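Chain letters run A, B, ... following the sequence lines, proteins first, then strands; residues in each count from 1. As the structure is a computational prediction, the values presented were derived from the model and not from experiment.
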Amino acid sequence: MTSTLHHIAAPSDKLPRRFYDRPALAVARDLLGKHLVLDAPGGRRAARIVEVEAYVGEYDLACHAAKGRTARTEVLFGPPGHAYVYLIYGMHHCFNVVASREGRAAAVLVRGVEPLEGLPPKSRTDGPGRLCDALGITLSHNRMDLLGDQLFLLDAPRVPAAAVARGPRIGVDYAKEWAHKPYRLWIRGHPHVSRSPSRPPAPLPARGA
DNA sequence: CTATTGATGGTC
DNA sequence: ACCATCAATAGG
């Protein structure tokens, strides 16, 4: 690139390794708004990340790595910027981004995306299982390098702090004190956030109508 | 709207 | 046996 002062990120810039080489909470925060892209012979599928959860380390009882190093969790201990995909309940896939330096085990689960390109028209993309289904993410993507040319993330404008909401992670009640920590982040009011409260009621007709 | 249940397979 | 889910169903 030619700019000698600051570099304005073009929407086609892949997130660099150093983006992922940080604590999971920081990566999670900055993943909001970024673009998740799958390039395959059939074409490109892309979506904007609107909801994530941070799994911050082996000491985090909600993180799969809390079980220690196993065949499944090994990727979490590996270098940052790789995909961690697993099958849950025998039928749904969950897509995570590996964060933190090699030797530490942390990840960010993507829980909601907004369709941008190449998705089946009526597909739902709220919820970790549904978004993997819509994008075509399967176990074949597990351990894939996110700086490769098949599955990667593109830079996009930062979501302002005022638009970021936080709350406890979903479905981790077994994780004792780690269950309530506010490590779920989402874009406030975004329609593709999972488990959103119902839409605000339609405006009432004029009184007396 | 909430609450409950069944599907289904990798992992430990 | 457990599970970072989802769709369908029943009930208020």
Under 3.5 Å, side chain of A:E53 to main-chain N/O of A:I170, donor-acceptor pair present? yes

Please list, by residue number, the residues of residues 83-98 of chain A whose heavy atoms come closer than 4.0 Å to an atom of DNA chain B; answer none if no residue qualifies. A:L87, A:Y89, A:G90, A:M91

Name the nucleic acid region contacted by A:L109, choosing base, sugar-phosphate or nothing; use a 4.0 angstrom heavy-atom cut-off, strictly under. base

Cation-aromatic face contact A:R17/A:Y20, 6.0 Å, 45 degrees: no

Looking at A:W178, I'd like to know if the NZ or CZ of A:K181 sits under 6.0 Å from its six-membered ring centre while staying within 45 degrees of the ring's axis. yes

Determine, using ring centers only, whether A:H141 and A:F95 are less than 6.0 Å apart. no

Do A:D21 side-chain atoms and A:R101 backbone N/O form a donor-acceptor pair below 3.5 Å? yes

What's A:R169 touching, base or sugar-phosphate or nothing? Going by heavy atoms closer than 4.0 Å. nothing

Just the atom pairs and distances: protein N or O near nucleotides 10-12 of chain C's N or O, under 3.5 Å.
none

Give a yes or no answer on whether the side chain of A:T70 reaches the backbone of A:T73 with a donor-acceptor pair at less than 3.5 Å. yes

Is the count of non-hydrogen atoms from other residues, nucleotides or ligands lying under 6.0 Å from A:R166 atom CZ greater than 12? no

Rounded to whole angstrom units, what separation is found between the OH atom of A:Y174 and the C1' atom of C:dA1? 14 Å

Spell out, as yes or no, whether a donor-acceptor pair under 3.5 Å connects the side chain of A:E51 to the backbone of A:S194. yes

Give each stem of DNA chain B as a range with a range, requiring at least 3 consecutive Watson-Crick or G-U wobble pairs whose two distances are under 3.5 Å. B:1-7 with C:5-11, B:9-11 with C:1-3

